[in-house]
Amino acid sequence: WFNIHLLHHNGLLYAMTRYDTIHVVDVSDPTNPHEESSFATPDIDFNRVAFHEGFLYISRVDTNTDMPLKVDPSTGVPVAMTMPAFVHDCGDIRFYNSRVYLACTDNGLVVLEETAPNTFTLLAKDTRGAQAAFIKDGYLYVGNGVDPG
């Protein structure tokens, strides 16, 4: 199936197609949007994207080894990161204060902190499963995909 994820930040729209490309579109004038740039990302299966401190953070799915990516949006070049090995197959990626919240399906909700540049360490893990995460007014909301009925 085909997946597109959109992220708006500072007048730019990052349009991410599931398998191959990120398009950066200037939408500061909504009557005249135009593509600023795009970069190919072969063999990367996207799920969600977040913008934090000048970088795109992209969660990846459908494998047991693909950790999230940190990408320089001006070049499309990934930045090397260190994370716990079980952080893979993630959906939503959210930032709040100095923490990163990842909804990693069967691995649950994972809370990380950047302890050194591009090095993330585990703060907490809830293994009940997490498909989606959202932060509003300091509260974290997690959807696990289980029918409550």
Side-chain angles (χ1 to χ4, degrees), residues 1-25 27 30 33 38-149:
W1 68 298
F2 193 75
N3 187 18
I4 295 177
H5 187 76
L6 302 174
L7 172 71
H8 181 263
H9 183 76
N10 288 343
L12 295 176
L13 180 70
Y14 297 88
M16 185 175 68
T17 59
R18 183 165 181 165
Y19 290 109
D20 61 1
T21 307
I22 295 177
H23 299 275
V24 183
V25 181
V27 292
S38 66
F39 43 94
T41 52
D43 302 322
I44 295 176
D45 191 3
F46 298 122
N47 192 8
R48 297 285 186 258
V49 63
F51 200 91
H52 182 68
E53 295 183 353
F55 289 91
L56 292 171
Y57 287 80
I58 302 167
S59 63
R60 298 153 58 175
V61 294
D62 295 338
T63 74
N64 289 327
T65 58
D66 287 341
M67 293 184 192
L69 290 174
K70 180 178 181 180
V71 175
D72 181 337
S74 64
T75 64
V77 175
V79 176
M81 292 190 303
T82 302
M83 289 189 171
F86 59 81
V87 178
H88 56 76
D89 196 21
C90 296
D92 282 333
I93 181 168
R94 305 290 182 196
F95 291 86
Y96 186 75
N97 293 332
S98 64
R99 298 191 171 133
V100 182
Y101 298 83
L102 293 158
C104 294
T105 57
D106 293 339
N107 284 317
L109 178 71
V110 177
V111 183
L112 305 174
E113 185 168 43
E114 190 169 16
T115 54
N118 303 317
T119 300
F120 294 84
T121 57
L122 179 67
L123 289 179
K125 182 179 175 186
D126 183 330
T127 59
R128 291 178 282 186
Q131 300 291 325
F134 181 76
I135 299 172
K136 174 77 172 149
D137 298 329
Y139 289 94
L140 175 67
Y141 300 87
V142 179
N144 66 5
V146 176
D147 184 357

Hey, could you give me the CD/OG1 distance between E114 and T82, rounded to the nearest 0.5 Å? 10.5 Å
In this structure, NZ of K70 is separated from CG of L56 (nearest 0.5 Å) by 11.0 Å
Assign the ring pair F120 / Y57 to parallel, tilted or perpendicular, where the plane angle (0 to 90°) is split at 30° and 60°. perpendicular
Hits for side-chain contact (heavy atoms from CB on, under 4.5 Å) against V27, two or more places apart or cross-chain, chain-then-number order -> H8, L13, V25, P33
Taking all atoms of both residues into account, what is the closest heavy-atom pair of A132 and A103, and its distance? N-CB, 3.8 Å
Could you check whether any side-chain heavy atom of D126 comes within less than 4.5 Å of a side-chain heavy atom of V142, counting everything from C-beta outward? no
Pairs of donor and acceptor atoms involving the side chains of residues 90-97, under 3.5 Å and at least two apart or interchain, shall be tabulated with distances.
residue : atom : partner : partner atom : Å
D92     : OD1  : R48     : NE           : 3.3
D92     : OD2  : A133    : N            : 2.9
R94     : NE   : A133    : O            : 2.7
R94     : NH2  : A133    : O            : 3.3

Salt bridge (charged side-chain N to carboxylate O under 4.0 Å, His left out) with D72: which residues, sequence neighbours excluded? none
To the nearest 0.5 Å, how far apart are CZ in R99 and CG in L123? 5.0 Å
I would like to know whether L140 and V111 meet side-chain contact (heavy atoms from CB on, under 4.5 Å); could you show each step before the answer? CA-CA 11 Å; L140 175 67; V111 183; 5.5 Å; no
From Y141 OH over to K136 NZ, what is the distance, rounded to the nearest 0.5 angstrom? 8.5 Å
Measure across V110 and L122 and return the closest heavy-atom pair with its distance rounded to 0.1 Å. CG1-CD1, 3.9 Å
